[in-house]
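Each remark here refers to the structure printed beneath this line.
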Amino acid sequence: MLTLKKIIAELDFIAKSLTKRGYNEDDIKVILHELISHDKKRKSNQQANDDLKSKMKDFSGQIGKLYKEGKQDEASKLKAEVVEIKEKIKTYDENDKELKIKIDDILLSIPNAPHNSVPHGKSEEDNEVVKDWTDPFPILEKDALPHWELAKKYNLIDFELGAFITGSGFPLFRNKGSKLKRALINFFLDEAEKAGYEEIRPPLMVNEASALATGQLPDKEGQMYYMEKDDLYLIPTGEVPITNIYRDVILKESDFPQKVTAYTPCFRREAGSYGSDVKGLNRVHQFDKVEIVQISHPNESYKLLDQMVSHVENLLIKLELPYRILRLCGGDLGFTSALTYDFEVYSAGQKKWLEVSSVSNFEAFQSNRLKLRYKDRDGKIHLAHTLNGSALALARIVAAILENFQTPDGIVVPKVLRKYLNFEIIN
RNA sequence: GGUGAGGUGGGUGAGUGGCUGAAACCACCGGUUUGCUAAACCGGCGUACGGGUAACACUGUACCGCGGGUUCGAAUCCCGCCCUCACCGCCA
């Protein structure tokens, strides 16, 4: 969430930038002013309360001394006074609690303020193409197939069996399909390691505190699988456990940047999506992803964002897949993000762009909930910036590879993956 | 699942009702000194929200796993929860 300090200091900018997400500038200003007035009330309330508490402490100390000196009467008088003070403190405490709840409710409901470069817009149609694919698309035979047909033809993925074992959206990879996936995971992890990321294997379930800290709760509660009995959530992305490494952490300035990567399966309920978009691997409940996360000094975060974008871009170049890069418009931007670049890969069999990566700078929005801070040279504490990106999401990459590299003789595996495989062609 | 022990500042760890936001040691930072990859000595060293300041200084309150309670007063007593460790059981 945004910090109150930032809202007070940059109210106009925030209100203006939130119009990119479709807010009415005047409406949001009303909300923000309400927030600030709650805060003012809370501060004056606190001051009065603190004074009373101070008095109470003082009196209590005196009572102790009076008892030691045997002055029972005077002690009793003071006691009576403290009891009165306590009553007042109680009402101040209650006021404080109420105001804090109001303030937090508003703060939690406000999404991140989009970066200056974020375009206005309502939906994905308004996303800005910052880098388009200008080379020709792969030329396929006339009878080229979409990946779900190819998967069946070469026995790579069994959607029906996955549905039988679990349900729809849980594909079962087998044979060379399974190996291809393993090769991709290794390739992505190796590339991340070369780029300086520490590889970890995090838990795949997280508690409520972790899901809140990265912003999956309360915003995307319906997206996550939840195990009531143990009060745990299946992770919708590796971002959650990775970023939570830094919950309640105060870094030194010299610790920047922190770079962590992990391969994890991701679980998403994806409630309410049907139709051709969900066919095959286009949208599934369980998929694999290699995630990269950086914790940054605020001054560096946009530089690092660019680095992450080119890291992802390189992966796609090495995989020889046609891709384009989009800058998400305000309407398509995630709740917690200030700026997001999406990567789409062209899947020639279905003649469709598939989203395979999302690289974002959250600025201090996540850090605020995470309480992820750093100490500067003067010993002052500030919020760090967090960034993350998929590098890459597997299911759709598999789809694109199958479709783009199909030939009459079979599917020719991209060269970079061959060292991870004991075959070069799927037939 | 059972039994036992325990959760205090970056770490170790003292502290069973007021003088404890918290000893001591280690680590860390600054300084002095000795001239040698170090030691000794001195000083500093938690976070949050307020007040205060140009900025410091200074200052109020809260926080000793979390939440509640008892009391004039709680790290310290009581209740609930969470977590960690050890052993047993079960299990990949």
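Letters go in sequence order (proteins before strands), and every chain restarts at 1. Heavy atoms only: backbone and side chains are in, while hydrogens, waters and symmetry mates are out.
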Q. What do the steps show when you test A:N388 against A:Q366 for side-chain hydrogen bond (donor to acceptor under 3.5 Å, both in side chains), and what is the final call?
A. CA-CA 11 Å; A:N388 71 44; A:Q366 267 185 342; 4.8 Å; no

Q.
Does A:Q216 form a side-chain hydrogen bond (donor to acceptor under 3.5 Å, both in side chains) with A:Y233? I'd like the steps, not just the answer.
A. CA-CA 10 Å; A:Q216 271 66 33; A:Y233 296 85; over 6 Å; no

Q: Report the C-alpha separation of A:Y263 and A:E199 in whole Å, then their side-chain angles, then the decisive distance to 0.1 Å, and conclude whether the side-chain hydrogen bond (donor to acceptor under 3.5 Å, both in side chains) test is met.
A: CA-CA 8 Å; A:Y263 151 68; A:E199 180 182 337; over 6 Å; no

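Here B:U71 is the nucleotide among B:U71, B:A48, B:G50 with the atom lying nearest to any side-chain atom of A:K86. Of the candidates B:G73, B:G46, B:G50, the closest approach to any side-chain atom of A:K375 belongs to B:G46. Closest approach to the A:K68 side chain among B:C19, B:C49, B:C56 is made by B:C19 (side chain taken as heavy atoms from C-beta onward).
Residue contacts shown for A:I381 are limited to sugar-phosphate atoms, with no base heavy atom under 4.0 Å away. A:K97 comes within contact range of the sugar-phosphate backbone alone, with a heavy-atom separation under 4.0 Å but no base atom that close. Among the heavy atoms of the strands, none lies under 4.0 Å from A:R377. Base engagement by A:I63 is indicated by at least one non-hydrogen atom pair under 4.0 Å involving a base atom.
In this structure, A:K176 satisfies the cation-pi test against A:F423, with its NZ or CZ atom closer than 6.0 Å to the six-membered ring centre and inside 45 degrees of the ring normal.
Using a 3.5 Å distance cut-off with no hydrogens or angles, the side chains of A:Y341 and A:E128 do not pair a donor with an acceptor. Using modelled atom types and a 3.5 Å distance limit, the side chains of A:S358 and A:D342 yield a donor-acceptor pair. The closest side-chain donor-acceptor pair between A:S210 and A:N207 falls under 3.5 angstrom.
At whole-Å resolution of the value, CG in A:D58 and P in B:C19 are 13 Å apart. Atom NZ in A:K252 sits about 9 Å away from atom P in B:C28, given to the nearest Å. Remark: C1' of B:G68 and NZ of A:K90 are 13 Å apart, rounded to the nearest angstrom.
Screening residues 18-36 of chain A for side chain to side chain donor-acceptor pair (under 3.5 Å) gives A:D12-A:K29 as the qualifying pairs, with residues at least two apart or on separate chains.
Using cut-offs of 30° and 60° on the angle between ring planes, the pair A:Y197 and A:H311 is tilted.
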Q. RNA chain B in dot-bracket, Watson-Crick or G-U pairs under 3.5 Å, [ ] crossing, | other strand?
A. ((((((((.[[[..)..(.....]]].(((((.......))))).((((((......)))))).[[[[[..)....]]]]])))))))....

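In this model, the phosphate group of B:G50 is not approached by any side-chain N or O of A:K40 to a distance below 4.0 Å at OP1 or OP2.
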Q: Treat primed atoms plus P, OP1 and OP2 as sugar-phosphate and everything else as base, then score nucleotides 60-66 of chain B 5' to 3': B for base contact with protein heavy atoms under 4.0 Å, S for sugar-phosphate contact only, - for none.
A: BSS----

